[in-house]
Amino acid sequence: MAGINQNYKKLAAGYLFPEIARRTKEFQKKYPDRELKRLGIGNTTEALTPAIVEGLIKGVNNLADPSTYSGYGDEQGNTTLRRVLSEYYNSKGITLSPDDFFISDGAKPDSSNIQSIFSPDSVIAIQDPAYPVYVDSNVISGRTGEYSSIIGEYDGLIYMPCTEENNFFPDIPDKKVDLIYLCSPNNPTGAVATHKQLAGFVKYARENKSVIIFDAAYSEYISDLSLPKSIFEIEGAKECALEINSLSKFAGFTGVRLGWTVVPEELIVEGTKPGEVRDMWNRRQCTFFNGASNIVQEGALAVFSEEGLKESGNLVNYYMENAKIIMKGVTSIGITAYGGVNAPYVWIKTPGGISSWDFFDKLLSETGVIGTPGSGFGPGGEGYFRLSAFGHREDIEAAVNSIKKDLKI
Ligand code: PL4
């Protein structure tokens, strides 16, 4: 008789974002006339820019012409796009081969799938709070024990607290762990790791033969040139880290879907030679994935053209101006806020120390603003709340005005 994967039963709650959507729908049903301002899910709102649209159209036209039509592509991605990505990294002083790049349909699938190439008994360390995919995908894979609703943690998982005291970047684990998830710029706190902080983790990983899974989905939001955009800016990282990124937040591809994972040839784990881990990810992708859309990959090539990079940079600046408006607005009424400078998320301390979900309900009922409760990102997020800078300017301004005018603190 077939059975289900019992690990699903361990999952503490519904996935965070659908839960926000459910509560919002409930509110809308109750108060159909209330206008809502959405600063919850980190979802892009601005139109694709002209150079990128042109690239996508080129992709469609290629398929419309028998002489340029293509069917299945390489599972690893378009050869030209892999080369262009390696050149983009090279232009920032990071030497990587096109063979180290694996094109995918986004950072979320890669960040949940990547753990499948590592030993099932790997000990996992995650930042707390963190993007929920890292924890949930490891729960489903059976790398944790049961969830304790009292402490809000899964047994067997190593939580690395990110607090005000450590500027929301964790200390190095005080015990041996195998896989370490790091995200910088961080979702949800908006904190960005320094070279020194990342170098500490790289040193730890090399000494303990651990692997760092580095999620750089917001790297293009870093404007401070002293901060690293890639883990591979750190010496020695290629031996102990892989990196995941996407065009979702850089070029508005949240619905278009295009990401990549860099698995350097140099990456080794216990009992492997250089190239073996990369080969294994290649094997995984060839078995489970049939390649990113050829139309979308043409659009991605356009992102890395001179015009595409300029336009995407402007898009990032637009969202970062939103972040500035949110920061200024919430701090002007005495709310303590972090992030929002090199990241599109503002991480606020709930006024009066109320719980994250209570603040979600309060903010929604008093101002019509939807945000994301910090506790949805892990126990360390309790007492915090995330506001997303993705949105049309007028909606961001309306939300900030409502918070300033109507929020009772
Ligand atoms: C809502 C750290 C957003 N349904 O679009 P992708 O797959 O290339 O990237 C997803 C992703 C990867 N890594 C990090 C991220 O923050 C995200 C996107 N997160 C958010 O509001 O936290 C969108 C969430 C979406 C989801 O579940 O990912």
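Ligands are counted one by one from 1 in listed order, and the atoms in each one are counted from 1 as well. None of the values given here were measured: they were computed from a predicted structure. We use all heavy atoms of the structure for the numbers below, so side chains are in, but hydrogens, waters and symmetry mates are not.
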Undergrad: Can you tell me which residue among Phe169, Phe385, Phe168, Trp347 is in a ring pair (Phe, Tyr, Trp, His ring centres under 6.0 Å) with Tyr338?
TA: Phe168
Undergrad: Below 4.0 Å from any atom of ligand 1, which residues have a heavy atom? Give them in chain and number order, please.
TA: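 Shell around ligand 1 (4.0 Å, heavy atoms): Tyr15, Phe17, Ile41, Gly42, Gly106, Ala107, Lys108, Pro109, Tyr131, Tyr134, Cys183, Asn187, Asp215, Ala217, Tyr218, Ser246, Ser248, Lys249, Arg257, Tyr345, Arg386.
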Undergrad: With the threshold set at 4.0 Å, does a side-chain nitrogen-carboxylate oxygen contact exist between Lys58 and Glu54?
TA: no
Undergrad: Between the side chains of Glu382 and Ser356, does any donor sit under 3.5 Å from an acceptor?
TA: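 Yes, Ser356 and Glu382 have a side-chain donor paired with an acceptor closer than 3.5 Å.
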Undergrad: Under 3.5 Å, is there a donor on one side chain and an acceptor on the other for Tyr154 and Asn138?
TA: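 There is no such pair (donor and acceptor under 3.5 Å, judged by atom type) between the side chains of Tyr154 and Asn138.
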Undergrad: Would you tell me whether Glu265 and Ser97 have side-chain atoms, one donor and one acceptor, within less than 3.5 Å of each other?
TA: no
Undergrad: Can a side-chain donor-acceptor contact be found between Gln76 and Arg82 if the only test is distance below 3.5 angstrom?
TA: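 Not at all, the side chains of Arg82 and Gln76 share no donor-acceptor pair under 3.5 Å.
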